[in-house]
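Structure first, then comments.
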Amino acid sequence: IDNTITPYRQKLIDEMEKVLSYTSKDVTKESFAMQSSLGNLMADMCLEMSTAIFKEKTNASIDFAMFNYGGLRAPIPAGKVTKEQAFKLMPFENELVVVNLTGKKVIELVNFFIENKKAHPLSKNIALHIKKNEFRLTIKDKKFDKNATYNILTSDYLQGGGDKMNFFKNPERLTKLDYKVRDAIINYFERVDTLKTTIDKRIIIE
């Protein structure tokens, strides 16, 4: 194996070691009542970076974002946040998409979330109150309407039914953002000086 550091290889190393942001604490998948600091960050930053793109394409807004717990491939250690860490968190070539789902399918989504008992990333513009197998859902400060449709940000992998998220298949409308999940992460890291993560009231379990 040739381990010679060529100028091209050194350029790649330098690019991966480029500092984009900072975090004062470890950001991990450790679950607290079906939330995690990494999952919350993932959903929120992808939503933030996708909002303007979706608005430009459709003149509509995204209602919330959902991704999968298994898709969070690495924690973000406390300290400097590099481009390499974005690649470790999302090593796949997955792209962001927005699905327009009926209220019935949103109920399927919530039931899957409850029954799966994992901290699948959900964005902060929802409030899901779970009591046993019943729930109350608020989306963007409005009570969930089973007769409405909702625009949900996710990845193309999950939209195809990956991780058994079959409710994302056959949406009323599918909008491809032509934007990789990893690129959204990198762009967000570049945008903020310090990552702010929290466990909040987006999920409440009685």
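This structure is a prediction, so every number in the text was calculated from the model and none was measured.
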Keeping the roles fixed (side chain from [X], backbone from [Y]), state whether a donor-acceptor pair exists under 3.5 Å.
| X | Y | result |
| --- | --- | --- |
| T154 | M66 | yes |
| N94 | Y157 | no |
| N40 | S123 | no |
| T197 | S37 | no |
| D26 | A78 | yes |

Side-chain heavy atoms nearer than 4.5 Å, only ILVMFWY residues, links allowed to pass through others: does that put [X] and [Y] together?
| X | Y | value |
| --- | --- | --- |
| V19 | Y188 | no |
| I130 | I204 | no |
| M165 | I107 | yes |
| I199 | I126 | no |
| I205 | L137 | yes |

[X] to [Y] - nearest heavy-atom pair and separation:
| X | Y | result |
| --- | --- | --- |
| G39 | P121 | O-CB, 3.2 Å |
| G70 | K29 | CA-NZ, 4.4 Å |
| H120 | N68 | ND1-CA, 3.5 Å |
| M34 | K118 | CE-O, 4.1 Å |
| A184 | M49 | O-CG, 3.5 Å |

For a side-chain contact (heavy atoms from CB on, under 4.5 Å) check, start with the C-alpha distance between Y22 and L195, then their side-chain angles and the critical distance, and finish with the verdict. CA-CA 6 Å; Y22 174 82; L195 303 183; over 6 Å; no
Answer whether the closest heavy-atom distance between the side chains of [X] and [Y] falls below 4.5 Å.
| X | Y | answer |
| --- | --- | --- |
| E48 | R191 | yes |
| F67 | C46 | yes |
| E206 | K132 | no |
| L128 | F135 | yes |
| S36 | E30 | no |
| I185 | N187 | no |
| L89 | R73 | no |
| K176 | E95 | no |

Should the pair R202-D200 be classified as a salt bridge under the 4.0 Å nitrogen-to-oxygen rule?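 Judged by the 4.0 Å cut-off on N to carboxylate O distance, R202 and D200 do form a salt bridge.
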Can you tell me if K201 has over 12 outside heavy atoms packed within less than 6.0 Å of its NZ?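 No, NZ of K201 has 12 or fewer neighbouring heavy atoms, counting only those of other groups under 6.0 Å.
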Within a reach of under 6.0 Å around NZ of K124, are more than 12 heavy atoms found that belong to other residues, nucleotides or ligands?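 Atom NZ in K124 is not crowded, with 12 or fewer foreign heavy atoms closer than 6.0 Å.
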Can you confirm whether the side chains of D163 and Y69 place a donor and an acceptor under 3.5 Å from each other?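 No.
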Any side-chain donor paired with an acceptor under 3.5 Å for T149 and K105?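 No pair is found: no donor N or O on one side chain lies under 3.5 Å from an acceptor on the other.
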For the pair K146 and T102, evaluate side-chain hydrogen bond (donor to acceptor under 3.5 Å, both in side chains) and give the outcome as yes or no after the intermediate values. CA-CA 7 Å; K146 66 180 180 180; T102 62; over 6 Å; no
Pair V106, I152 - check side-chain contact (heavy atoms from CB on, under 4.5 Å), show working. CA-CA 9 Å; V106 173; I152 303 164; 4.1 Å; yes
Say you draw a straight line from [atom1] of [X] to [atom2] of [Y]; how long is it, rounded to the nearest 0.5 Å?
| X | Y | atom1 | atom2 | value |
| --- | --- | --- | --- | --- |
| T23 | K80 | OG1 | NZ | 14.0 Å |
| I114 | L109 | CD1 | CG | 10.0 Å |
| K18 | K83 | NZ | NZ | 6.5 Å |

Could you walk me through whether D63 and N125 pass the side-chain contact (heavy atoms from CB on, under 4.5 Å) test, one step at a time? CA-CA 7 Å; D63 291 302; N125 45 352; 5.8 Å; no
I would like to know whether F64 and L47 meet side-chain contact (heavy atoms from CB on, under 4.5 Å); could you show each step before the answer? CA-CA 7 Å; F64 66 95; L47 179 67; 5.9 Å; no
Those residues that, when tested against P171, pass side-chain contact (heavy atoms from CB on, under 4.5 Å) (two or more places apart):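 Checked P171 against side-chain contact (heavy atoms from CB on, under 4.5 Å); matches are V99, L101, Q159, L174.
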Determine the sole option in L153, V97, D156 for which the side-chain contact (heavy atoms from CB on, under 4.5 Å) test with L177 is passed.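 Result: among L153, V97, D156, L153 is the only option passing the side-chain contact (heavy atoms from CB on, under 4.5 Å) with L177.
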Under the 6.0 Å and 45° cation-pi test, does R182 pair with F87?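 Satisfied, under 6.0 Å and within 45°.
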Taking the ring of F144 and the ring of Y150, is the distance between their centroids below 6.0 Å?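 Between Y150 and F144, the centre distance is under 6.0 Å.
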Output field: ring centroids F167/F112 closer than 6.0 Å: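 F167 vs F112: aromatic centres under 6.0 Å.
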